[in-house]
2 protein chains.
Amino acid sequence: MTRAPQVKKSEVTRQHLLDTALALFRKRGFDATTMRDIAVASGLALGTAYYYFPSKDALLFAFYAANQVATEARVRSYPAGEPLRARLGRLFHDRIRDVAPNRTLLGALLPRQVNPGDPVSALSRESAEVRARAIALFEAAIAPEGMSIATRALAARALWVLHLAILAYLASDRSPAQRKSHRLVDDALDLAVPLLALAGTPAVTPLLAQVTAMLQRADLMTLARR
Amino acid sequence: MTRAPQVKKSEVTRQHLLDTALALFRKRGFDATTMRDIAVASGLALGTAYYYFPSKDALLFAFYAANQVATEARVRSYPAGEPLRARLGRLFHDRIRDVAPNRTLLGALLPRQVNPGDPVSALSRESAEVRARAIALFEAAIAPEGMSIATRALAARALWVLHLAILAYLASDRSPAQRKSHRLVDDALDLAVPLLALAGTPAVTPLLAQVTAMLQRADLMTLARR
DNA sequence: GTCTATAACATGATAGAC
DNA sequence: GTCTATCATGTTATAGAC
């Protein structure tokens, strides 16, 4: 009696469709690639593509989620005990490298981040889980610094927003090997890391409390479960 | 001999189309309003609508430009000699009031700001003029504070970005009379104005130079003519 | 449950006649 | 300048084959 296959046939087809779609997106851009193109290139019918991905956006979202998983895997292999600057630099630079091959997809994905009502947005209900996990990466990175819980929550969100801004920059960065984006990361961290150190001191506690109060009134601290 | 009409017929038709479109956008939202809806409601053919506005986005852009003009007109009537906080508050709150009736349009317009390649983006070549004029409003508002030219340029851009962020927030703000957005403005200015005062002191000059250098390397200071 | 073939629809956009 | 006809594409629907 032969063993049942480890992966379901449907999972193979789904992955095949996603891979084909990503390859086409990379080659021709998101908008220029039609669902019919994807179906034909996959050797499947249009209806099949829609059977697995209810919309073209669903393909975008699948890329987004898969990418988050890839970055998490990388992070698990990071050496422990590195200083903050090195750890954040590693995280940001790796994130750029993970995303860069699909850089053109960012052009389709990032604009839609702005609208929390858009399911594809990192601010939406639908992506709450992915977002929470992304923020958790930054929380973990700064955890050893021994700030208060409130400060750490604020700092992690700030870093997450910075990382979105860097990705927005990356989306239109045409410099070879995305040098400009990497440079921007270094410059930004040169500024941010000393500020993070400052954020741990009691002197700025009132200021941080003011910022937190503002964000809470605006419902912007509850990102993790909006 | 009768006088030739002051305004060309084509200009009347164009304005009629734009007014009709904005009314529909307000009532049903941008996405839910089709070009056919606009043409029918205007009593014109679909092709005619496209003759005047080469795309649905062009209608968005026309709204954006007209709005900038409206805000500029308001600003010209501001009293002179007000303290910085009052002046900025007036500017931000008025901007919200100007935009609020077309709030749903923001949902369509703002996401696209992120992509500088998008003509509708405030970062694009096409909107360079509107953007320069928007930044100029903030430059003028802080001009009496007597900072160095470099500091003023940086501060004006920071305020412009803050104003975009506020508009992004406004786009999904469903509180009555947009109270939350107005509150966010006050909270943000409570934070920003003291920082602006700080920015005028020599102590922070090196920090500002560092920020400026970063933005210049990333081509982000040349916003006005990218 | 997986996939095909085919048609049809809605809508942004374009072409060409008048 | 204005119209009608037409296209391209995201999406839905149907009727099945295996």
Side-chain angles (χ1 to χ4, degrees), chain A residues 4-22 24-25 27-63 104-105 107-109 111-112 115 118-120 126, chain B residues 4-5 7-22 24-25 27-63 104-105 107-109 111-112 115 117-120 126:
Chain A
Q6 305 283 2
V7 282
K8 284 216 200 88
K9 184 181 169 201
S10 68
E11 199 40 57
V12 172
T13 308
R14 196 192 133 90
Q15 192 61 47
H16 172 58
L17 265 167
L18 182 54
D19 290 342
T20 308
L22 290 183
L24 286 175
F25 291 156
K27 190 158 64 169
R28 305 212 282 252
F30 181 75
D31 287 340
T33 303
T34 73
M35 288 297 277
R36 287 166 179 83
D37 291 341
I38 295 169
V40 169
S42 304
L44 296 167
L46 180 61
T48 310
Y50 275 99
Y51 177 77
Y52 284 100
F53 295 94
S55 69
K56 198 176 170 185
D57 284 344
L59 286 160
L60 258 192
F61 192 81
F63 156 74
T104 64
L105 268 190
L109 198 49
R112 315 187 40 184
N115 180 3
D118 190 324
V120 173
E126 289 81 350
Chain B
V7 283
K8 284 215 200 89
K9 184 182 164 203
S10 69
E11 198 41 55
V12 172
T13 308
R14 197 191 133 89
Q15 192 60 46
H16 172 58
L17 265 167
L18 182 55
D19 290 341
T20 308
L22 290 183
L24 286 175
F25 290 157
K27 190 157 66 168
R28 306 212 280 252
F30 182 74
D31 287 339
T33 303
T34 72
M35 287 298 276
R36 284 164 181 80
D37 292 339
I38 296 168
V40 169
S42 304
L44 296 167
L46 178 62
T48 309
Y50 274 99
Y51 175 78
Y52 285 99
F53 294 94
S55 70
K56 199 177 168 184
D57 286 342
L59 286 160
L60 259 191
F61 191 81
F63 156 74
T104 65
L105 270 191
L109 197 49
R112 320 200 26 196
N115 180 3
D118 190 323
V120 174
E126 289 81 351

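Below, all heavy atoms of this structure are taken into account, side chains as well, without hydrogens, waters or symmetry copies. Given the structure is predicted, the values throughout are model-derived calculations rather than measurements. Note on naming: letters A, B, ... go to the chains in the order of the sequence lines (proteins, then strands), and numbering restarts at 1 for each one.
- Of the possible donor and acceptor atoms, none in the side chain of Lys27(A) sits under 3.5 Å from a partner among the backbone N and O of Thr33(A).
- Distance from the side chain of Arg36(A) is smallest for dA8(C) among the nucleotides dT4(C), dG12(C), dA8(C).
- Stacking of Lys56(A) on the aromatic ring of Phe25(A) is not recorded, the 6.0 Å distance cut-off and the 45° axial limit not both being met.
- Here dT2(C) presents its P atom at 13 Å from CG of Leu44(A), a figure rounded to the nearest Å.
- The Tyr51(A) side chain lies nearest to dG1(C) when the options are dG1(C), dG1(D), dG10(D).
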Practice prompt. Go through the steps for Leu44(A) and Thr20(A) under the test side chain to side chain contact (heavy atoms under 4.5 Å, CB included), then give the verdict.
Written response: CA-CA 11 Å; Leu44(A) 296 167; Thr20(A) 308; over 6 Å; no
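- Within the model, atoms CZ of Arg28(B) and OG1 of Thr34(B) stand 7.5 Å from one another, a figure rounded to the nearest 0.5 Å.
- Counting heavy atoms from C-beta on, the side chains of Tyr50(A) and Leu46(A) come closer than 4.5 Å.
- Looking at heavy-atom distances under 4.0 Å, Leu46(B) makes contact with a base.
- Here the nucleotide nearest the side chain of Thr48(A), chosen from dT2(D), dT4(C), dA13(C), is dT4(C).
- The shortest distance between the side-chain N/O atoms of Ser10(B) and the OP1/OP2 oxygens of dG1(D) is below 4.0 Å.
- If you check dT12(D), dG12(C), dT2(D) against the side chain of Tyr52(B), the one that comes closest is dT2(D).
- Taking atom NZ of residue Lys9(A) and atom C1' of nucleotide dT4(C), one finds them 12 Å apart after rounding to whole Å.
- To the nearest angstrom, P of dT11(C) lies 10 Å from CZ of Arg28(B).
- Picking from dT2(C), dC3(D), dT12(D) the nucleotide with the shortest atom distance to the side chain of Ala45(B) gives dC3(D).
- A heavy-atom distance below 4.5 Å is found between the side chains of Leu18(B) and Gln15(B).
- Rounded to whole Å, atom P of dT11(C) lies 21 Å from atom CZ of Phe53(B).
- A heavy-atom distance below 4.0 Å to DNA chain C is reached by none of the residues of residues 13-20 of chain B.
- At the heavy-atom level, Thr33(A) lies under 4.0 Å from the strands shown only through sugar-phosphate atoms.
- Minimum atom distance to the side chain of Tyr50(A) is reached by dT12(D), of the listed dT2(C), dT12(D), dA13(C).
- What separates NZ of Lys56(A) from C1' of dT9(D) is a distance of 8 Å, to the nearest Å.
- Judged by closest nucleotide on DNA chain C, Asp31(B) is the one of Gly47(B) and Asp31(B) placed further toward the 5' end.
- For Met35(B) and dT2(D), the CE to C1' distance is 15 Å, given to the nearest whole Å.
- Inter-residue side-chain proximity for Asp19(B) and His16(B) is flagged as unmet; no heavy-atom pair is nearer than 4.5 Å.
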